[in-house]
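Contents: one structure, followed by commentary.
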Amino acid sequence: MSDLIKLGIGERPWLPTLDSTMIEVFDRLNMPTAGLIRQNHKLFVFDCLEGHAMEGNVWVYAHVDAAEAQKIQEAQGEDFTRLLDQAFTDKQIMAALAINARLRSGAPVEGETIRHLGLLKAVFDQLSMGLDIASETKNAMAQLVDC
């Protein structure tokens, strides 16, 4: 069974499926931007990685066990930041693009890629690949319609 969160296109990034439950909001800016949620009996931390106050933003989600979640919840200041950052390293995570606070696309990002490129670059590269594929698909569909 996968430790990746499921995403529902059109859902809110802080509650990415109808069966997701908010456990705790760690940070907010007009919307929850970091927190802990439960989905299918699993815990996940989420963070708005980039574009907090913009129309489009990038989100990351990582599975955490109960002990890891508790440490993050109890931490403060630099310890909190370090623990949250650690949750997104050394494992496969899910990245997502949201437009107007609605999920539009997502892609898994491998832990090895994150270690090699850094979190932000690894996430942007993976999401860009998905956008390129979507653009190619749109162009192919347009050609079919024009036939």
Side-chain angles (χ1 to χ4, degrees), residues 1-66 68-111 113-115 117-142 145:
M1 186 174 227
S2 174
D3 281 338
L4 289 176
I5 197 165
K6 305 293 185 243
L7 301 177
I9 301 303
E11 297 298 331
R12 300 289 186 187
W14 54 91
L15 289 173
T17 60
L18 293 176
D19 68 340
S20 298
T21 305
M22 183 67 67
I23 304 298
E24 185 171 348
V25 174
F26 301 139
D27 197 15
R28 87 172 29 252
L29 178 68
N30 298 329
M31 62 186 169
T33 56
L36 178 68
I37 57 179
R38 183 182 317 279
Q39 184 187 87
N40 294 328
H41 308 289
K42 291 184 177 184
L43 296 171
F44 296 90
V45 289
F46 69 88
D47 192 19
C48 180
L49 192 59
E50 194 66 39
H52 293 78
M54 300 173 69
E55 180 180 333
N57 34 59
V58 174
W59 298 75
V60 288
Y61 306 85
H63 175 261
V64 291
D65 62 27
E68 191 176 6
Q70 184 175 0
K71 285 179 185 176
I72 293 169
Q73 287 176 290
E74 293 173 353
Q76 295 181 6
E78 290 179 16
D79 285 339
F80 169 80
T81 302
R82 180 182 51 78
L83 288 170
L84 187 62
D85 289 348
Q86 281 179 353
F88 298 105
T89 59
D90 295 326
K91 63 178 126 178
Q92 187 181 47
I93 65 166
M94 181 63 77
L97 174 64
I99 307 293
N100 292 324
R102 297 291 181 173
L103 290 171
R104 294 294 176 231
S105 66
V109 182
E110 298 299 326
T113 305
I114 295 167
R115 282 189 299 280
L117 299 177
L119 181 60
L120 189 60
K121 174 108 173 82
V123 166
F124 274 36
D125 284 358
Q126 193 63 38
L127 289 175
S128 293
M129 196 178 336
L131 294 174
D132 291 344
I133 292 168
S135 180
E136 290 174 14
T137 303
K138 180 181 176 187
N139 291 339
M141 293 291 289
V145 170

Give, for atom [atom1] of [X] and atom [atom2] of [Y], the distance between the pair rounded to the nearest 0.5 Å.
X: Asp3; Y: Met94; atom1: CG; atom2: CE; value: 11.5 Å
X: Thr81; Y: Asp47; atom1: OG1; atom2: CG; value: 9.5 Å
X: Trp14; Y: Met31; atom1: CH2; atom2: CE; value: 6.0 Å
X: Ile114; Y: Thr89; atom1: CD1; atom2: OG1; value: 7.5 Å
X: Leu119; Y: Thr113; atom1: CG; atom2: OG1; value: 11.5 Å

Dump the intermediate steps for side chain to side chain contact (heavy atoms under 4.5 Å, CB included) on Glu11 and Leu18, then the final yes or no.
-> CA-CA 8 Å; Glu11 297 298 331; Leu18 293 176; 3.8 Å; yes
Residues that [X] engages under side chain to side chain contact (heavy atoms under 4.5 Å, CB included), provided they are two or more places apart:
X: Gln70; result: Glu74
X: Asp65; result: Ala67, Glu68
X: Lys71; result: Leu83
X: Asp90; result: Arg115

Could you work out, with side chain to side chain donor-acceptor pair (under 3.5 Å) as the rule, every residue matching [X], not counting sequence neighbours?
X: Thr17; result: Asp19, Ser20, Gln39
X: Asn57; result: Trp59
X: Glu24; result: Gln73

Would you mind checking if Asp85 and Arg82 are paired as a salt bridge, meaning a charged N to carboxylate O distance below 4.0 Å?
-> no
Listed once per pair and sorted, the ring-ring contact (aromatic ring centres under 6.0 Å, His included) pairs that draw on residues 81-110, sequence neighbours left out | none
Could you tell me which non-hydrogen atom of Phe44 sits nearest to which non-hydrogen atom of Leu4, and how far apart they are?
-> CE2-C, 3.8 Å
Which heavy atom in Leu127 sits nearest to a heavy atom in Ala95, and how many Å separate them?
-> CD2-O, 3.9 Å
Go through the structure and list residues passing ring pair (Phe, Tyr, Trp, His ring centres under 6.0 Å) with Tyr61, not counting sequence neighbours.
-> none
Identify, with sequence neighbours excluded, every residue that meets ring pair (Phe, Tyr, Trp, His ring centres under 6.0 Å) alongside Phe80.
-> Phe26
Which pairs with one or both residues in residues 95-106 pass salt bridge (charged side-chain N to carboxylate O under 4.0 Å, His left out), sequence neighbours excluded?
-> none
Considering only distance and modelled atom types, tabulate donor-acceptor pairs under 3.5 Å from the side chains of residues 48-56, sequence neighbours left out.
| from | atom 1 | to | atom 2 | distance (Å) |
| --- | --- | --- | --- | --- |
| His52 | NE2 | Cys48 | O | 2.8 |

